[in-house]
Amino acid sequence: SASETGNMFRSLREMWLTLYFSLYISFNCISADSVLRSGTCLLQGRFKLNGMYKDGDFILGGLFHVHFFTVFPDLSFRMEPERPYCEKFNMEGFQHAQTMAFAIDEINKNPNLLPNITLGYHLYDNCVMLGMAFRAAMSLSSGTEESFPNLNCTGPPPVIGIVGDASSTPSIAISSVMGLFRVPIVSHYATCSCLSDRKKYPSFFRTIPSDAFQVRAMVQILRHFEWTWVGLLYSDDDYGIYAAQLFQQEMQLFGHCVAFSEILPNDHNPRDIQRIIGLIQASTARVVVVFALSSYLLPLMDEVVLQNMTGRQWIASEAWATSLEYHTPRFLPFLGGTLGIAIRRGEIQGLHDFLLHLHPSNDPRNNMLKIFWENMFGCSFESGDRKSDGEHLKKVCTGKEDLSNTHTTYTDVSGLRASYNVYKAVYALAHALHDLMQCEEGRGPFSGNKCADIINLKPWQLVHYLQKVNFTTGFGDNVSFDKNGDALAIYDVLNWQPSSDGSIAVHRVGVVNEGVATGMVLTLDKDAIYWNFETKKPPRSVCSESCLPGTRRATRKGLPVCCFDCLPCGDGDISNTTDAIECTVCPEDFWSNPDKDQCVPKEVEFLSYEEPLGISLTSASLLGACFCALVMVIFAFHRNTPIVRANNSELSVLLLLSLKLCFLCVLLFIGRPVLWTCQLRHAVFGISFVLCVSSILVKTMVVIAVFKSSRPEGKGAMKWFGAIQQRFTVLVLTALQVVICAVWLSTASPTPHKNNQDTRSKIVYECAIGSVAGFSLLLGYIGLLAAISFLLAFLARNLPDNFNEAKFITFSMLIFCAVWIAFVPAYVSSPGKYAVAVEIFAILASSFGLLVAIFAPKCYIILLHPERNTKNAIMGRETQKK
């Protein structure tokens, strides 16, 4: 598998380093023996390295990718192994090395920077291999002199600082050793966030932001386009592994998810590559983020072309965002529209002319120049019969070939990124050395306020000034380092777009800048971005579509948090944001609107005069009161007729008045409850009905007394039921109800109440009865009087017709009792205002029942059959029945 292959390579690398250190210690022992015998340090051997040299008062070292591959000899352990060598020249890497040479030449010509000091350089080719990079670093630290007689170690070190390495893994290894001696190292391209650890790498600096900044910048782009579900590919090295870890942490921080995460195989195994392609095609993620060098990624992209896999949005890390290998027409249908992060592009005045005026040197130490010349012009400085290219002999190099006629990445300065970082790294070391030389004695930063001794300069002293360096380049960029040695984070956002010749052209479409106060800020020109989709718009890459306001997210079991269902909020709960985790409960007096995205004031409910039900009940109440008044007028107008006089006109008037009060008390139940209506409604209702029922009770008793007095044995019955006794009885019975109401109102008075419990979506304004016992006693007393009246009337129902009003009273009490018995369950089961409506209906129904049952027959005779409203007619019926 890819991981096993990576472990194997790491094991080989560790074995090689162990062997190397063993040899190195052996050389040190030999050197020590030489010192004891001769008193002089002798160089025991040289590594075979490609390099460039220039002498100076102070030397800067440099490590660059001038070749792509290193060929190691077979180890037989029977003879001294041959030295490794490098293959496949890298024009871009050589441009980086020449940029360092140009920067040093420019500094030497600047009278304001390091005056009277000449900088030199020793530049080596690391061949993109840890072993070669480590050899080069050891050569820089030990120097190139054959012998070293000064055993007191005075004078400047062989190099005062190193620019490089370009890769993270060699930088980690070199800094681990060089950091012990505090040799300042300024990398122009190593981005691993692990190098920000000041305890492990105390003298490491870089002019490129670390992967921590790069990852945050890439996540900012994902957030900007709302891509929450992405795939991740990364190389099996320190750069890829650390970047992938940081990326996944940053994605989790913002609630985004990685759909899949795969390591690109080191050995380019076709089965592993096809498996990764299948995983990408099967995933619902439309965005794929890649942290890898081009050498890791190229086999995968070849397979993408073979399988014709389109419809993916690629996000490139800075390691391959500007790689020219993918800019051919072959990759355009698949990689067109790619968004990438690239380090800041800069301009270096005079570099192009410097690159064109390069000439090979006869100095064997500058063999890198000869190798460049031979690769640039396809010639050889050796004799033609010794160097051949396949079947054709190479021409002999003259050294006078014209570079101005060449067009390669070496001469292309239109997009200086890594070279610009090299330029800044050299100037950072130069400014640090300049600040060190400007120190005033007695005011220095070191122990005892001392300054550094320029004659006996220590590398750690330069590290102190390098940490505080702060200057502005000719391009206008500020260069400084934070406490971890990292540069200010600024990236260009690139977009791969079709060019006129059908290939891919890289366009800058935005900037990502991170400041101390502002944080990470992304600026994009959306109109300038090319999208390689039919819609010409950014793709959607989400596991689940966003939950709209009014819903909440419910994570699917066993899936990442980005995969969820949207569930509607419950009644009374809302969510007013997209992708809400939980719904919010509305305040007590508020309720959710139909869309469940905002709380609105609850609907206030009470029986109102304006609504149809209230209008109907009010009309019925007033109509009943009018009927009572009409009957009273009829009785008053016909007060001298036999039928009125025979029905006890005084009790009839009192009954009509009480019924009128019963009808009118309904008006106290309608409208928004306030304290006085709550207190009066049940009191008026109770007293009115007691007055009414007590009048009926007395009326019934009078009918019975009149009947008995008409018989010989009961002639004295009426003396107990005269007018005074009737009034007194009604007064006493009514007074008892008044006492009940007074006690109830004084101890636990009914009050207005907002009911939020029965109906949660509404506020029901109602009257709380205060005391259940008081209300029950009020109704019970009415029921008791009604039951007695009904019983007496029922017993007197068979009296002679001319005296029998008892049968009408019986019927009226039957209606009354039936209504109020049915009222109890209806009232309890009715919600809100309808409970009040049920109570009003019971009042009106019982009142109309009493009015119709008792007074309708009399009004019928008075108005429609006046011939029957005579004493003779009444007596005639009686005689006929007898």
- Message: Between Trp320 (side chain only) and Tyr326 (backbone N and O only), is there a donor and an acceptor less than 3.5 Å apart?
- Response: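 No; zero donor-acceptor contacts below 3.5 Å.
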
- Does the Asn495 side chain pair with the main chain of Val509, one donor and one acceptor, at a distance under 3.5 Å?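 Not a single qualifying donor-acceptor pair exists.
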
Might you point out which heavy atoms bring [X] and [Y] nearest each other, and give the distance in Å?
| X | Y | value |
| --- | --- | --- |
| Asn110 | Asn112 | OD1-N, 3.0 Å |
| Ser171 | Asp165 | OG-O, 3.2 Å |
| Gly444 | Cys451 | CA-SG, 3.8 Å |
| His65 | Ser167 | CE1-OG, 2.9 Å |
| Gln214 | Glu318 | OE1-N, 2.8 Å |

Heavy-atom count around [X] [atom1] within 6.0 Å, excluding the residue itself: above 12?
| X | atom1 | answer |
| --- | --- | --- |
| Tyr201 | OH | yes |
| Phe446 | CZ | yes |
| Asp402 | CG | yes |
| Gln438 | CD | yes |

- Does NZ or CZ of Arg508 come closer than 6.0 Å to the centre of the six-membered ring of Tyr491, within 45° of the ring's axis? no

- Please determine which of Asn367, Asn126, Asn366 meets the side chain to side chain donor-acceptor pair (under 3.5 Å) test together with Asn50.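 With Asn50 as partner, side chain to side chain donor-acceptor pair (under 3.5 Å) holds for just one option, Asn367.
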
Student check: side-chain heavy atoms of [X] and [Y] closer than 4.5 Å:
| X | Y | answer |
| --- | --- | --- |
| Leu433 | Leu457 | yes |
| Glu92 | His96 | yes |
| Gln95 | Thr408 | no |
| Val215 | Phe291 | yes |
| Thr322 | Leu494 | yes |
| Cys439 | Pro445 | yes |
| Ser175 | Ser203 | no |
| Tyr296 | Tyr234 | no |

- Cationic N near anionic O, under 4.0 Å, Asp477 to Arg344: yes

- Message: Nearest 0.5 Å, please: how far is CG in Leu140 from CG in Leu123?
- Response: 8.5 Å

Will you find, in the side chains of [X] and [Y], an N or O donor that is under 3.5 Å from an N or O acceptor?
| X | Y | answer |
| --- | --- | --- |
| Thr191 | Arg206 | no |
| Asp211 | Ser193 | no |
| Thr473 | Tyr420 | yes |
| His327 | Ser499 | no |

- Task: Let me see the working for Val183 and Ser141 under side-chain contact (heavy atoms from CB on, under 4.5 Å), right down to the final yes or no.
- Result: CA-CA 9 Å; Val183 176; Ser141 61; 5.8 Å; no

- Message: Between Gln98 and Tyr410, is the side chain to side chain donor-acceptor pair (under 3.5 Å) condition met? List the steps.
- Response: CA-CA 9 Å; Gln98 284 300 312; Tyr410 169 73; 4.6 Å; no

- Task: Kindly indicate, with the supporting measurements, whether the criterion ring pair (Phe, Tyr, Trp, His ring centres under 6.0 Å) is fulfilled by Phe47 and Tyr124.
- Result: CA-CA 11 Å; Phe47 295 118; Tyr124 286 118; 9.5 Å; no

